[in-house]
**Q** 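My questions all concern the structure below.
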Amino acid sequence: MKLNTIAVLGGGPGGLYAARLLKRSHPDADVTVYEQGKPDTTFGFGVGLASRTQRNLRAADAASLDGIVAASRAHEMSMRVGDAEVRLAHGELLAIGRATLLSVLQTYAREAGVNLRFGERHCVADLDGADLIVAADGISSATRTALADDFGPEIIEGDGLYLWCGTDFALPRAVFTPVTTEHGTFVAHAYPYADDRSTFLIETDEQTWRRAGFDVSTKETPNGESDQVSLDYLQEAFADALGGHHLIGNRTKWTRFRTIRCRSWHTGNVVLLGDAAHTAHYSIGSGTKLAMEDAIALDESILAAGDLDEGLTAYEAKRRPAVEHLQAIAERSMAWWDAFPERLSLPVEQLMVAYMTRAGKVTVERFAESAPQVANPGLSAFAGVPTADVPSPAAVTEWILDQPLVFGEHRFACRTAPDALRTTAGTTLVDVSVRPWSDEATALINDLPSAAVYWLTGSDEREVTLDRLDVGERIRRASGAIVVAEVPSGFRADAAGALASERVDLVAFTG
Ligand SMILES: Cc1cc2nc3c(=O)[nH]c(=O)nc-3n(C[C@H](O)[C@H](O)[C@H](O)COP(=O)(O)OP(=O)(O)OC[C@H]3O[C@@H](n4cnc5c(N)ncnc54)[C@H](O)[C@@H]3O)c2cc1C
């Protein structure tokens with residue numbers, strides 16, 4: 001297929017990377033990136049890049065990946081609650097300043113022959129003469145809005161609020177750490193990305209945000225400026241983690257995360273890419289990866305197709321399953337973080353088990369294999385036994401299920417609920433068919449009759465099962481009663497993860 005002109009709207013990672021790949025595949029085409037900002041000014045601080053990204057990027061374009069890795073910084077991970085800290089030697093985590101990443105990608109785009117035009121804000125109508133318009137214009141995509149009838153966007157705002165800021169030193173490692181002030185709990189996700197910089201992303205719930213007066217400071221901060229009132233407050237609250245350093249803003253304001261989904265990603269010669277098409281909560285650190293992987297799929301699909309429509313259809317078909325899978329994980333992760341302050345009574349190692357298994361992506365077994373020094377103390381805290389009694393990773397799933405439970409006067413020999421408990425007086429059956437973080441779930445929990453045991457039933461699809469386990473955690477916390485969740489027998493690992501993380505007390509296998 002011959003493409004003479006390709007217009008890329010947006011010089012973020014998705015747009016720049018797509019422009020380079022497309023120019024290499026269509027050397028005769030005029031490929032231009034239109035970016036409204038200036039080359040050296042951008043929003044945000046460092047972003048995390050996971051290792052899988054690197055494998056995919058290496059296969060597509062090893063040179064630009066080498067450039068990105070050379071400008072990145074590797075870090076380990078840790079979680080710190082009060083004085084207790086656990087460290088996770090990960091070996092795969094990288095972070096890079098957003099401005100640095102863009103500068104590397106600009107260099108490689110230019111090297112391939114792409115024209116970069118900065119300070120130019122355009123809309124699709126301006127670019128009508130192009131054979132292909134790649135709309136990589138970010139989460140607030142004007143293209144998506146202008147062509148909303150074709151793209152069918154759905155935008156869901158998260159409950160919590162976050163503030164993206166930085167600090168002027170390199171933390172020794174990434175850290176998740178909560179701080180509780182008189183107004184409530186704030187949680188920092190922080191990691192180093194340069195010798196003199198770390199990202200500090202801070203979250204809180206709406207009530208805490210209001211009690212601290214940040215609804216007012218948010219309203220009073222003009223667009224394009226940083227909310228200095230919040231930065232000063234948080235700098236004091238996180239003084240320990242900051243070691244006396246400052247929090248730095250860059251158009252930093254409290255925001256609610258927006259999850260974007262679109263019914264379609266292409267119409268005519270216009271195609272959405274990256275955040276314009278879909279977003280996934282930052283706690284899984286995948287937005288950049290998704291945008292760049294979109295670019296790879298777009299380039300490959302167009303190259304293999306007979307005409308543009310076939311290429312764009314193939315791109316969407318190729319990317320949708322992976323994107324939707326990550327969005328499901330991200331949604332669960334976002335909800336887990338929203339409820340994080342409620343888990344602070346767990347020992348930090350057990351909290352780490354809960355964190356790793358929060359989205360149904362990592363099993364306890366896999367976590368125990370990769371980080372026994374953290375997983376084993378976490379599991380020993382769950383079972384109330386010495387760490388030495390925790391078995392090898394291959395045996396942990398069954399070991400967790402075999403642990404006894406003493407709950408008030410109730411004694412259970414293992415974590416599989418006896419059938420008779422389902423029909424015992426005092427047990428209430430609850431059919432769970434709601435998303436765990438939805439208003440419907442809140443209503444369901446508020447309307448539950450009081451009971452000694454809640455036995456959760458529902459359909460046996462995996463996502464619904466994970467939802468049931470997450471709703472179980474909310475019921476467990478709200479009621480203080482014993483919570484049993486039905487789990488299809490094929491999902492023993494999910495059951496073990498939920499038990500070890502104290503989402504539910506017992507499980508009942510079905511099917
Ligand atoms: C708080 C936070 C933390 C994050 N942390 C991570 C992380 O750790 N790891 C990770 O991988 N991802 C992270 N992300 C997500 C990541 O930043 C995005 O997913 C990624 O930047 C998407 O790339 P993109 O190219 O699609 O869009 P963007 O990076 O948003 O780029 C869009 C570009 O288009 C330009 N533009 C918009 N409209 C126009 C127009 N009309 N004309 C010209 N130019 C226009 C904008 O100026 C912008 O430069 C985070 C996001 C947030 C909000």
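For the numbers below, each heavy atom of this structure counts, side chains included, while hydrogens, waters and symmetry mates do not. It should be emphasised that the depicted structure is a prediction, and the values quoted were computed from it without experimental measurement. First listed ligand is number 1; within each ligand, the first listed atom is number 1.
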**Q** Taking NZ, NE, NH1 and NH2 as the nitrogens, is one of them in E342 or R474 under 4.0 Å from a carboxylate oxygen of the other?
**A** no
**Q** For T199, which part has a heavy atom under 4.0 Å from ligand 1: side chain, backbone, both, or neither?
**A** neither
**Q** With a cut-off of 4.0 Å, which atoms of ligand 1 are near a heavy atom of A136?
**A** 32 (C), 33 (C), 34 (O)
**Q** Charged N to carboxylate O under 4.0 angstrom, R366 versus E369?
**A** no
**Q** Going by the order shown, which atoms of ligand 1 are within less than 4.0 Å of some heavy atom of L9?
**A** 42 (N)
**Q** Any nitrogen or oxygen of G37 lying under 3.5 Å from a nitrogen or oxygen in ligand 1? Just yes or no.
**A** no
**Q** N/O of T288 under 3.5 Å from N/O of ligand 1, yes or no?
**A** yes
**Q** Show me the donor-acceptor pairs, under 3.5 Å and distance only, between side chains in residues 145-162 and residues at least two apart or in other chains.
**A**
unit_1	atom_1	unit_2	atom_2	d
T145	OG1	S141	O	3.1

**Q** Check ligand 1 against G138 and write out every atom of the ligand that is under 4.0 Å from a heavy-atom position of the residue.
**A** 27 (O), 30 (O), 32 (C)
**Q** For atom 41 (N) of ligand 1, which candidate among K289, R98, H122 holds the nearest heavy atom?
**A** H122
**Q** For ligand 1, which atoms have a heavy atom of G274 less than 4.0 angstrom away?
**A** 26 (O)
**Q** Check the surroundings of atom CG in D83: do more than 12 heavy atoms from other residues, nucleotides or ligands lie under 6.0 Å from it?
**A** no
**Q** Mark up the atoms of ligand 1 that fall under 4.0 Å of a heavy atom belonging to L201, in ascending order.
**A** 1 (C), 3 (C)
**Q** Could you label the plane-to-plane angle of the H189 and W337 rings as parallel, tilted or perpendicular, counting under 30° as parallel and over 60° as perpendicular?
**A** tilted
**Q** For A277, which residues count as a side chain to side chain contact (heavy atoms under 4.5 Å, CB included) partner, sequence neighbours excluded?
**A** W265, L272
**Q** To the nearest 0.5 Å, tell me how far R98 CZ sits from N250 CG.
**A** 10.0 Å
**Q** Out of S141, A277, G14, G287, whose heavy atom is nearest to atom 24 (P) of ligand 1?
**A** G14
**Q** Checking contacts here: is it the side chain or the backbone of S286 that comes within 4.0 Å of ligand 1, counting heavy atoms only? Could be both or neither.
**A** backbone
**Q** Suppose I only count heavy atoms of A291 and a 4.0 Å limit; which atoms of ligand 1 are within that range?
**A** 23 (O), 26 (O)
**Q** Are E182 and R211 within salt-bridge range, i.e. N to O under 4.0 Å?
**A** no
**Q** For ligand 1, which atoms have a heavy atom of E120 less than 4.0 angstrom away?
**A** 42 (N), 43 (C)
**Q** Would you call E85 and R173 a salt bridge, taking side-chain N to carboxylate O under 4.0 Å as the test?
**A** yes
**Q** If you take the nearest heavy atom of each of Y191, Y193, Y162, which one is closest to atom 53 (C) of ligand 1?
**A** Y162
**Q** With a 6.0 Å cut-off on ring centres, are Y233 and F186 close enough?
**A** yes
**Q** Have a look at ligand 1 and work out which part of Y34, if any, has a heavy atom under 4.0 Å from it: side chain, backbone, both or neither.
**A** backbone
**Q** Taking 4.0 angstrom as the limit and counting only heavy atoms of P13, give me the atoms of ligand 1 inside it, by number and element.
**A** 21 (O), 23 (O), 25 (O), 29 (O)
